[in-house]
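Read through the structure below, which is laid out as structure tokens, and then see the notes.
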Amino acid sequence: MDLIKTEKSIEDTNKTNNQIESIFTSFMENTLFKDKFVLQASYTPETISHREEQIAQIASILAPVLRGERTSNLFVYGKTGTGKTLSVQRVRNELLKRDINSNNLIIEYINCKLKQVSDTEYRIFAELIKKLGGNVPATGLPTGQVYNKFLELIDNEKKLIVIIFDEIDHAVNKITDNFLYNLTRLNTELSKSQISIVGISNNLTFLDEIDPRVRSSLGEEEVVFPPYNALQLQDILNERASRAFMPDVLEEGVISKCSAYAAREHGDARRALDLLRIAGEVAERNGLKKVTLKDIDFANEKIEKDKILEIVTTEPRQFQLVLLSIIDIVEKNERLKDNLSSSIFTGEVYNNYQRLCEKTKNDPLTQRRVSDILSEFDMMGMINSSVISKGRQGRTRQIKLVIPKALVPKVKKILIDAIHLS
DNA sequence: AGGTATTCACATGAAACTATTCTCTGAGTTAGG
DNA sequence: TAACTCAGAGAATAGTTTCATGTGAATACCTGT
């Protein structure tokens, strides 16, 4: 960095230095947070409010392991952010704490959603073996062999094993029903050890979709986590906020607004905490002394926005092309002041999409596929579509873009960059 | 006027195809005994 | 000789295409008054 500096650039650097200085100092002085970590997703609180009943249920179902007996398989379900994982982990810790002396209890936690870790049968076994102190190559061995190694490892002495599969529904989409079936029947192959399974799922209908044989053995016991209502969310937020923020920095009503927003999103506590944290960060960045209701709105928008941008950037190219063509049409309609019929139809999108493909040298997909892509966008909440019949003009999807107007230019830019770089 | 037949422009399903990723096997390599 | 590594065969999978069938209502076409 030994460029020749003109006077002006020196001046500039000084100015930016001052700027940075002032940002930092205001950051240090003005901080609203006492301990921001409390609001982070990875934080484990020592008390879990409004889940006493569920925790008690889980604990009583799993309690027999302390007497050295096998427990029933347990299936836990509830929407995201209802405290499932937290509660199960809690019970796990308590059980392990009480088992210090007998030392033959093993409770392992596996998250099936983390892709690199475990989304195939092989990887799950490999992961388990690793956690149990064994060692397998990352790839190369036949699954059967890994399976045997696993059996060997757990059956070499008397042990009680509980395996917790978080987000188990993700695994089953990728893995055959067989995997679960084998697991549930593992006990018959073990001579000394005993194994039980705890499945955690977001999907309430998950149990209905799997093989009946698995269902009956996996769902020996079930615990349901209902969504939090706004009042319960408020309690949770209050409790965390008192630890996360300095006293008196939250404006009246901030907490209740947060919980109202989150309650609308099927009572997702994680969402509520994110909201509060981001609102705090926003207020802090703006040098405010208090977190206001406006900051919550802003945070809500930001979360929404990030979600959309995340989807847009990570979607495959063909999806991006389709989305770009929708945006094109929307903008064209606006330019023509054609606001009366602001909805778009499949055919239009497809034609435009084909043109776009030609221009960018991409192979166009068939209309059939684009139709599916459109309905996937619908599911993701990027567009709103409904199938209508226009009589003689046929039957088609009526499409409306639901990305906030202010965000469209940014999305478009991302799309164009992504497509042209190919 | 009232009824029914037609027709459009796609939706929706199922099966077949394909390219990529995973799994598995055996040959070759290494290292320890 | 057992353990490890790795290339390539074969299986599994996701993404797509092809083919087939379905659909709701505006419009066209009757039919009898």
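Order of the sequence lines fixes the chain letters, A, B, ..., with proteins taken first and strands second; residue numbering starts at 1 for each chain.
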Please report, to 0.1 Å, the donor-acceptor pairs under 3.5 Å made by any side chain of residues 259-267 of chain A, with sequence neighbours excluded.
unit_1	atom_1	unit_2	atom_2	d
A/S259	OG	A/I255	O	3.0
A/S259	OG	A/S256	O	3.1
A/Y261	OH	A/D297	OD1	2.6
A/E265	OE1	A/R271	NH1	3.1
A/H266	NE2	A/T80	OG1	3.3

Self-check item: Spacing between A/L365 atom CG and B/dT18 atom P, to the nearest angstrom
Solution: 16 Å
Exercise. Report the residue (A/F345 or A/R368) whose heavy-atom-nearest nucleotide on DNA chain B is the more 5′ of the two.
Key: A/F345
Side-chain donor-acceptor distances from residues 323-330 of chain A under 3.5 Å, at least two apart:
unit_1	atom_1	unit_2	atom_2	d
A/S325	OG	A/V322	O	3.2
A/S325	OG	A/V349	O	3.4

Quiz prompt | Those residues of residues 385-398 of chain A lying under 4.0 Å from DNA chain B by at least one heavy atom | solution = A/V387, A/G391, A/R392, A/Q393, A/G394, A/R395, A/T396, A/R397
Quiz item: If only side-chain N and O atoms of A/T346 are considered, is one of them under 4.0 Å from the OP1 or OP2 phosphate oxygen of B/dC10?
Solution: no
Quiz prompt | Nearest-angstrom distance from the residue atom CG of A/D363 to P of B/dA19 | solution = 12 Å
Practice problem: Could you tell me whether the side chain of A/R317 and the main chain of A/I419 form a donor-acceptor pair under 3.5 Å? | Solution: no
Exercise. Identify whether NZ of Lys or CZ of Arg in A/R51 sits under 6.0 Å from the centre of the six-membered ring of A/Y228 and within 45° of that ring's axis.
Key: yes
Exercise. Answer yes or no for A/K290 and A/F245: cation-pi contact, defined as NZ/CZ to six-membered ring centre under 6.0 Å and angle to ring axis within 45°.
Key: no
Quiz item: Whole Å only: how far is the CG atom of A/D372 from the P atom of B/dA11?
Solution: 9 Å
Quiz prompt | Distance, rounded to the nearest Å, where A/Q367 contributes CD and C/dG15 contributes P | solution = 21 Å
Practice problem: For A/I373 and C/dA14, give me the distance from atom CD1 to atom P, rounded to whole Å. | Solution: 17 Å
Quiz item: Do the two ring centres, one from A/F225 and one from A/Y77, sit under 6.0 Å apart?
Solution: no
Exercise. Figure out the CZ/C1' separation between A/F319 and C/dA14, and round it to whole Å.
Key: 11 Å
Quiz item: How long is the line joining CZ of A/R369 and C1' of C/dA14, in whole Å?
Solution: 9 Å
